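Here is the structure we will look at, set down as C-alpha cells.
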Amino acid sequence: MDLDWLKDFLALAEQKSFSRAAEIRNVTQPAFSRRIRALEDWIGVALFLRSAQGATLTPAGAYFQPLAQDLLRNLQHLQRETRAVGEREKGALSIAATHALSFTFFPGWIRRHMRFEALGTLNLISDSLEACEQIMLGGEVHFLLCHHHAQAPTRFEAERFQSIRVGDDVLVLLCAPDAEGRPLWPLPGTSERPARLLAYSQASGLGRILSVQMALAQDTALARGAAGMTTVFTSHLAATLLTMARDGHGIAWLPLTLAEEDLARARLVRAGPERFDIPIEIRLFRSPDCRNDAADELWASLQVE
C-alpha cells in the first residue's frame, strides 16, 4: 500500500469532492481517482459512494477513517523520530508550522535568522495547529510557529513553553469580485441572499481565534456582521478557503500574509469594512524537551532583536 493513498482517502473524506480533493493533493483528478480505486482494491471493499453530488463514505469507509488517521499519524511520528535519531548530532533543526505560515511567512523568516550552511538539516513539518501541538507536546520538534491571539486557547502552559512574537498578521474578510469589481458576497447579507461563510474547523488555530472573537464580540458590528452569514463549507486549511473564496463560493477570514497577492491582483476584494479585521500575532513556541545547539542559536538570535 502507498502512503499517499491514505492521504488521498482522508482528503476525499473531508472534501467530499474528487475535484477539490485532487486539487488539495496536487494531482490530476484522473490520477487521484485511480489512487482511491487502488486503495479500495487493496482493502477489498468500496470506501465511497460516488454520485453527481460528490463522494460520501460507505459504512466501511466511515469505519476506516479514524483508523487511517491514526495510522498516518503513527507512521509520520515513526518517520520523524527515526530521522531525528540520525540527525541529532548534525545540528539539525526541526520546526512545526501551520500550513498558512509554511507557505508564506516561514521561508523568508528562517532565511533572515539562520545560516543554512551551519545546519545539518532543516526539517519543516506543516500541519494543522491541532496536529502541530501534538507533535510539540511529544517533544518531536524544537519549535512551533503559528498564528496566535492572546484570548485564544493553546495547549502550552506559559511556565513550561517559552514563546516570542516574531511577526504580525491580520484576518481580513474577503470574497471574489463581481463583474464590476464589487464584492460578490457583500456584508451584511440579506434573508433572501445571506452571505456564504467559508469557515475554519476547530483543528485550525485560525478557527479557534475566530470562535473566541465571535464569543467576545456580543452586540458589536463584528457580531452583527457574523450573524448575517451562513456557513456553507469548513476546512482547517486557509489555502483551501482562499481557493474557494477566489472561485466565488463565499467569504472567508483570510490571513493577509496569505491573501495579499490575490488582493493586489483584485482576485479577492474586501467583503466588509475594515472594522471586521482581526489583528493577530505570529508567534514561535519553544519546546522544553527538544534542544540542541541549532535551536539554541536560533532562540538567542531572536532574543536580541
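Just the heavy atoms: all of them, side chains too, but no hydrogens, waters or symmetry mates, feed the values below. Small disclaimer: the values here were computed from a predicted structure and weren't measured. Start at 1 with the first residue, then count along the sequence.
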Can you sort out the partners of Arg182 under salt bridge (charged side-chain N to carboxylate O under 4.0 Å, His left out), two or more places apart, ordered by chain and number? Asp178, Glu180

Between Phe156 and Phe285, ring centroids under 6.0 Å: yes

Check: Pro279 and Asp168 side chains under 4.5 Å, non-hydrogen atoms: no

CG-CG distance between Leu67 and Leu72, expressed to the nearest 0.5 angstrom: 12.5 Å

Residue pairs passing the salt bridge (Lys or Arg N to Asp or Glu O under 4.0 Å) test where at least one lies in residues 230-240, sequence neighbours excluded: none

Applying side-chain hydrogen bond (donor to acceptor under 3.5 Å, both in side chains), name anything that partners Gln134, two or more places apart in sequence or on another chain. Arg155

Rounding to 0.5 Å, atoms CD1 (Ile251) and CG (Leu173) come to a distance of 4.5 Å

State the CD1-OG distance between Ile24 and Ser17, to the nearest 0.5 angstrom. 9.0 Å

Apply salt bridge (charged side-chain N to carboxylate O under 4.0 Å, His left out) to Glu260 and list each qualifying residue two or more places apart in sequence or on a separate chain. none

Scan the side chains in residues 144-151 for donor-acceptor partners under 3.5 Å anywhere in the protein, sequence neighbours excluded, and list what turns up.
residue, atom, partner, partner atom, Å
His147, NE2, Asp169, OD2, 2.8
His149, ND1, Gln151, N, 3.1
His149, NE2, Gln213, NE2, 3.2

Under 4.5 Å between side-chain heavy atoms, hopping through other hydrophobics if needed: is there a path connecting Leu47 to Phe32? yes

So, applying side chain to side chain contact (heavy atoms under 4.5 Å, CB included) with Leu258, which one of Leu242, Leu241, Val172 is it? Leu242

So does Ala100 get a backbone contact from the side chain of Thr104, meaning a donor-acceptor N/O pair under 3.5 Å? yes

Could you check whether any side-chain heavy atom of Phe161 comes within less than 4.5 Å of a side-chain heavy atom of Met136, counting everything from C-beta outward? yes

Within the 4.5 Å heavy-atom criterion, are Leu268 and Cys175 side-chain neighbours or not? no

Can you sort out the partners of Ser128 under side-chain contact (heavy atoms from CB on, under 4.5 Å), two or more places apart, ordered by chain and number? Glu130, Ala131, Ala203, His236

Sequence neighbours excluded, which residues qualify as side-chain contact (heavy atoms from CB on, under 4.5 Å) partners of Thr56? Leu49

Would you say the side-chain atoms of Trp185 pair up with the backbone N or O of Gly248, donor to acceptor, closer than 3.5 Å? yes

May I have all residue pairs that pass salt bridge (Lys or Arg N to Asp or Glu O under 4.0 Å) and include part of residues 50-60, sequence neighbours excluded? Glu40-Arg50

Charged tip of Arg35 within 45° of Trp5 ring normal and under 6.0 Å: no

Roughly how far, to the nearest 0.5 Å, is the CZ atom of Phe18 from the CG atom of Leu12? 4.5 Å

Would you please classify the geometry between the Phe106 ring and the Trp109 ring as parallel, tilted or perpendicular, with 30° and 60° separating the classes? tilted

Quick check for you: to the nearest 0.5 Å, what is the distance between Met244 atom CE and Ser235 atom OG? 9.0 Å

Between Arg286 and Asp296, is there a salt bridge with N-O shorter than 4.0 Å? yes

Linking I/L/V/M/F/W/Y whenever any side-chain heavy atoms sit under 4.5 Å apart, do Leu254 and Ile278 land together? yes

Could you check whether any side-chain heavy atom of His142 comes within less than 4.5 Å of a side-chain heavy atom of Trp299, counting everything from C-beta outward? no

Strictly by salt bridge (Lys or Arg N to Asp or Glu O under 4.0 Å), give each pair with a member in residues 197-211 just once, sequence neighbours left out. Glu133-Arg208

Could you tell me which residues satisfy salt bridge (charged side-chain N to carboxylate O under 4.0 Å, His left out) with Arg25, sequence neighbours excluded, listed by chain and number? Asp4, Asp8

Would you confirm whether Tyr200, through its side chain, and Trp253, through its main-chain N or O, come within 3.5 Å as a donor-acceptor pair? yes

So, the side chain of Arg165 versus the backbone of Arg283: is there a donor-acceptor pair under 3.5 Å, distance only? no

Quick one: side chain to side chain donor-acceptor pair (under 3.5 Å) pairs with a partner in residues 240-250, sequence neighbours left out? Arg246-Asp262

d(Ser163 OG, Leu284 CG) to nearest 0.5 Å is 8.5 Å

Might you point out which heavy atoms bring Ala295 and Phe143 nearest each other, and give the distance in Å? O-CZ, 3.5 Å

Does atom CG of Asn74 have more than 12 heavy-atom neighbours from other groups under 6.0 Å away? yes

List for me each residue that meets salt bridge (charged side-chain N to carboxylate O under 4.0 Å, His left out) alongside Asp41, sequence neighbours excluded, and say none if there are none. none

Is any side-chain heavy atom of Ile95 closer than 4.5 Å to one of Asn123? no

Close side-chain approach of Val141 to Ile125, heavy-atom, < 4.5 Å: yes

Nearest heavy-atom approach of Gln65 to Leu10 is O-CD2, 3.9 Å

Val27 reachable from Leu237 in the ILVMFWY side-chain graph, under 4.5 Å edges: no

Could you tell me if the side chain of Asp127 sits less than 4.5 Å from the side chain of Thr98, heavy atoms only? no

Less than 4.5 Å apart, any side-chain heavy atom of Val166 and any of Phe105? yes

Return the minimal non-hydrogen interatomic distance between Ala96 and Cys132, and the atom names on each side. CB-SG, 4.0 Å

